[in-house]
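Following: one structure in structure tokens, then a few remarks.
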Amino acid sequence: MIDTTTILLKSIISALLKELFGDHDILIDLQETRKEFKGNVTLVVFPFLKISKLSPEATGDLIGSRLLERSEEVKTYNVVRGFLNLTLTDQVITKIFDEIKRTNDFGLKKLDSSLPSAMIEYSSPNTNKPLHLGHIRNNLLGDSISRIVKSSGRNVIQVQIINDRGVHICKSMWAWKKFGDGETPKTSGIKGDHLVGKYYVLFDKEYKRQINESILNGTDLEEAKKTVPCILEVQKMLLDWESGDSETVELWTKMNTWVYSGFEKTYERLGIVFDKNYYESETYILGKKDIKGGLESGVFYRKPDNSVWIDLSSEGLDEKIVLRKDGSSVYITQDIGTAIQRFKDFEIDSLTYVVGNEQDYHFRVLFLILEKLGYDWAKKMRHLSYGMVDLPTGKMKSREGKVVDADDLMDEMESAAKEMSIELGKSQSFNDSESEKLNKVLGHGALKYFILKVDPKKKMIFNPEESIDFNGNTGPFLQYTHARISSLINKSGSQVDYDWDQFELNEKERNLIILISKFPQRIKAAASDLNPSIIAAHLYELARGFNGFYQQHSVLNAETASIAAFRLDLCKEVAAVLNSGLYLLGIQAPKKM
RNA sequence: GGUUCCGUAGCUCAGCUGGAUAGAGCAUCUGCCUUCUAAGCAGACGGUCGCGCGUUCGAAUCGCGCCGGAAUCACCA
């Protein structure tokens with residue numbers, strides 16, 4: 001496509017330079033011409049000044065004029081300072097367009113079953129509270145990256161590990177026993193995950209109350225945190241659970257089941273799926289025997305108190321404990337075991353974790369340990385480390401109820417979409433169930449695009465007071481552009497055949513074709529950087545380009561029947577890329593809105 | 001304190017393997033719906049790219065040093 005043209009041009013230029021100035025080893029820097037200048041590709045001529053012995057302008061001019069004579073690809077050129085801007089011939093551009101037209105699902109590669117699968121882990125919630133905006137970012141990133149990697153031809157296995165075990169869930173259990181009075185999702189009408197979350201918050205209140213009380217009795221804060229009755233009872237509960245105490249396990253099962261059914265509803269609304277769920281209650285024992293193996297091979301060492309460590313100071317990190325002195329696991333022990341287990345469970349050659357950047361250190365250590373244990377796949381482990389979503393007031397804290405709840409947010413987005421469509425007078429042409437469906441699609445589109453258009457690495461601040469936009473660089477703008485084109489296609493009758501020599505392309509058409517042709521490169525970049533925002537930015541540029549074209553040129557009533565037929569084809573390809581690109585972001589593209 | 005990341009328009013963000021006059025959206029203002037969907041288009045306004053020094057023909061981009069913010073450095077997960 002456009003990149004093959006660039007490669008071709010590079011070789012022509014390289015030969016030309018040799019002829020003009022003799023042998024050299026200067027890199028040819030061909031880049032996309034920036035929007036504000038005329039042309040399609042740009043050669044930066046500064047590096048050649050020392051061999052041309054001419055001014056930047058004269059050098060550009062010389063190369064440009066020779067290129068014009070010599071290459072069928074170059075139509076015109078202009079030189080601005082040291083930049084030689086080349087405009088490609090219609091011949092090149094129409095060839096590119098023919099190629100795009102011939103390709104089904106342009107940009108998306110077919111699944112190559114001979115390649116090993118990639119595993120992507122995301123979401124990984126705790127079962128003591130409902131999902132919030134932070135999880136939404138995690139889920140959307142995991143889902144979108146899975147789609148992007150899939151569409152670059154590899155099968156993807158999407159997994160989550162559910163943190164169903166530990167003190168946190170015991171806290172909810174304790175509070176439910178104490179204050180719950182037998183309340184269930186059924187009796188209360190509260191969604192299961194929210195109900196369990198409610199008791200988690202209740203525990204925290206009670207915990208704080210007991211701490212204060214204890215301090216009043218003269219205990220210091222740190223001591224109080226550890227010795228207050230409720231925390232001791234929670235720890236006892238955890239031990240009971242570990243020893244399989246039937247009453248505790250029963251309560252644990254009951255409350256987790258509530259949570260799962262709640263999560264399921266939220267995932268379904270978000271359009272999130274998993275191929276396999278791992279449960280920490282099943283995996284937390286993994287890893288211990290791998291530590292034993294590593295001890296024998298000398299990767300780990302035992303301290304006098306019997307705890308097991310690894311020394312990573314030669315890698316610029318610290319010493320890290322991997323087994324406590326009583327032989328019990330720490331967090332990283334499980335992760336070592338779980339990673340190894342996954343490579344046994346599935347035929348995968350890579351494992352990507354979508355986890356917040358607060359765990360950067362943990363993953364550096366984890367990957368290093370696995371590498372030292374001799375697993376060659378360790379080199380292909382990646383951490384998609386994304387920035388936190390903060391509120392204007394600071395971090396979200398579920399214990400204090402300072403969170404943007406995932407379900408609430410989706411409700412708000414749906415009703416905002418509804419208000420918007422009523423305000424714009426668009427709702428008349430739909431019946432109730434149609435507009436309800438559409439409002440969901442648009443509200444979710446706005447939310448997903450809002451999150452995914454920003455670079456995952458960067459933290460983002462979400463202000464619940466200001467609602468997410470539906471105008472400008474937004475999901476609904478892309479959806480709208482798609483709907484507009486769909487409507488055009490719908491209205492078009494039968495089209496004539498056209499030949500490229502029957503008309504010339506205008507500037508907007510040329511640019512649209514080039515933009516479309518860049519879609520595959522963008523997907524490739526998004527896959528290798530684990531960055532969906534590259535797709536988002538490309539779709540926005542395309543939609544903006546299309547709307548400019550649409551405003552200025554009529555499609556169905558074009559100057560000639562041939563032009564009309566070509567423009568309709570062009571519209572179809574724009575719509576196809578919008579549709580595919582939105583799909584990669586997990587956003588639906590409506591045909592009407 | 002060590003390590004890592006971040007600092008671009010009033011706000012939210014692009015641009016960062018060095019390249020042109022630093023781009024979008026929101027907000028504010030001006031135009032454009034008796035021809036294909038105005039959730040749109042065209043334009044105006046808005047910038048010491050945190051600060052300084054260095055490397056370079058050329059620095060928002062690379063290096064060093066400051067300033068400001070965040071995360072992490074748990075026998076928590």
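Worth saying up front: this structure is predicted, and the values here are computed from it rather than measured. FYI, side chains are in, hydrogens and waters are out, and symmetry mates aren't considered; it's all heavy atoms of this structure. Letters A, B, ... mirror the listed sequences (proteins, then strands); counts begin at 1.
By the 4.5 Å heavy-atom criterion applied to side chains, A:Y122 and A:V355 are not counted as neighbours.
Taking atom OH on A:Y386 and atom C1' on B:A71, their separation rounds to 13 Å, with Å as the unit. As a whole-Å value, the separation of A:K592 NZ from B:C36 C1' is 16 Å. Rounded to whole Å, the distance from NE2 on A:H383 to P on B:U4 is 17 Å. What separates CG of A:L133 from P of B:U12 is a distance of 15 Å, to the nearest Å. The nearest whole Å value for the distance from the CD atom in A:E32 to the P atom in B:G19 is 13 Å. Regarding A:I489, its CD1 atom lies at a distance of 14 Å from the C1' atom of B:U37, rounded to whole Å. Between A:F37 atom CZ and B:G19 atom C1' there is a gap of 11 Å when expressed in whole angstrom units. With rounding to whole Å, A:N85 atom CG is found 12 Å from B:G19 atom C1'.
The gap from the P atom of B:C16 to that of B:A20 amounts to 11 Å, rounded to the nearest Å. Rounded to a whole angstrom, the distance from the C1' atom of B:U48 to that of B:A44 is 24 Å. B:C6 and B:G63 have their P atoms separated by 11 Å, with the value rounded to a whole Å. Spacing of P atoms, B:G54 relative to B:U17, comes out at 24 Å, to the nearest Å. Spacing between B:U30 and B:G68 at atom C1', rounded to whole Å, works out to 39 Å. Nucleotides B:C51 and B:G69 place their C1' atoms 15 Å apart, quoted to the nearest Å. Rounded to a whole angstrom, the distance from the P atom of B:U55 to that of B:A60 is 16 Å. Separating the P atom of B:A74 from that of B:U3 is a span of 15 Å, rounded to the nearest Å.
Residue A:A537 is out of contact with every strand shown, counting any heavy-atom pair closer than 4.0 Å. Within the nucleic acid shown, A:F450 has no heavy atom closer than 4.0 Å to any nucleic acid atom. If you check every strand for non-hydrogen atoms under 4.0 Å, A:H553 touches a base. Within the 4.0 angstrom heavy-atom criterion, base atoms lie near A:V555. Counting any heavy atom pair closer than 4.0 Å across all strands shown, A:P56 reaches no nucleic acid atom. A:K458 comes within 4.0 angstrom of a base, heavy atoms only. Within 4.0 Å (heavy atoms only), A:N306 reaches no atom of the nucleic acid at all.
Nearest-nucleotide mapping onto RNA chain B: of A:D360 and A:D29, the residue sitting toward the 5' end is A:D360. Place A:L317 and A:V44 on RNA chain B by their nearest nucleotides, and A:L317 ends up nearer the 5' end.
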Review item, nucleotides 39-45 of chain B N/O atoms under 3.5 Å of protein N/O:
from  : atom 1 : to     : atom 2 : distance (Å)
B:A39 : OP1    : A:K426 : NZ     : 2.4
B:A39 : O4'    : A:N471 : OD1    : 3.4
B:A39 : O3'    : A:N471 : OD1    : 3.2
B:G40 : OP1    : A:G472 : N      : 3.1
B:G40 : OP2    : A:N471 : OD1    : 3.4
B:G40 : O2'    : A:R484 : NH1    : 3.0
B:G40 : N2     : A:Q551 : NE2    : 3.2
B:C41 : O4'    : A:Q551 : OE1    : 3.3

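By the 6.0 Å contact criterion, CD on A:E509 is enclosed, its count of non-hydrogen atoms from other residues, nucleotides or ligands being greater than 12. Heavy atoms of other residues, nucleotides or ligands lying less than 6.0 angstrom from NZ of A:K457 number 12 at most. For A:K418, the NZ atom sits in a loose shell: 12 or fewer heavy atoms of surrounding residues, nucleotides or ligands are nearer than 6.0 Å.
Between the side chains of A:N139 and A:S123, at least one donor N or O sits under 3.5 Å from an acceptor N or O. Between the side chains of A:E121 and A:S124, a donor-acceptor pair is found at a separation under 3.5 Å.
Listed candidates were B:U3, B:G19, B:A14. Nearest to the side chain of A:Q31 is B:G19. Of the candidate nucleotides B:G19, B:A20, B:C16, B:A20 has the atom nearest to the side chain of A:V80.
Looking at residues two or more places apart in sequence or on another chain, you find a side chain to side chain contact (heavy atoms under 4.5 Å, CB included) between A:R137 and A:L141, A:Y386, A:V389, A:I451, A:V454, A:M460. Among residues two or more places apart in sequence or in another chain, the side chain to side chain donor-acceptor pair (under 3.5 Å) test is passed with A:E559 by A:R567. When the ring pair (Phe, Tyr, Trp, His ring centres under 6.0 Å) test is applied to A:Y77, no partner is found at least two apart in sequence or on another chain.
A cation-pi arrangement is absent between A:K453 and A:Y540, since the terminal nitrogen or guanidinium carbon is not both under 6.0 Å from the aromatic centre and inside a 45° cone about the axis. At least one test fails for A:K171 against the ring of A:F203: distance under 6.0 Å to the centre or angle within 45° of the axis.
Ring geometry for A:F503 versus A:Y498: interplanar angle of 30 to 60°, hence tilted.
Residue A:K491 places at least one side-chain N or O closer than 4.0 Å to OP1 or OP2 of B:U37. For A:S554, no side-chain nitrogen or oxygen approaches OP1 or OP2 of B:U35 to under 4.0 Å.
By the 5.5 Å and 30° criteria, A:F83 is not stacked with the base of B:G19.
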Query - Heavy-atom protein contacts under 4.0 Å, nucleotides 72-77 of chain B, coded B base, S sugar-phosphate only, - none - result: SS-BSB
Report summary line: The dot-bracket string of RNA chain B, counting Watson-Crick and G-U wobble pairs with both distances under 3.5 Å, using [ ] for crossing pairs and | for pairs to another strand, is (((((((..((((.....[...)))).(((((.......))))).....(((((..]....))))))))))))....
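The existence of a salt bridge linking A:R165 and A:E280 is confirmed by a sub-4.0 Å separation between a basic side-chain nitrogen and an acidic carboxylate oxygen. Using a cutoff of 4.0 Å between basic side-chain nitrogens and carboxylate oxygens, A:E315 and A:R364 are not scored as salt-bridged.
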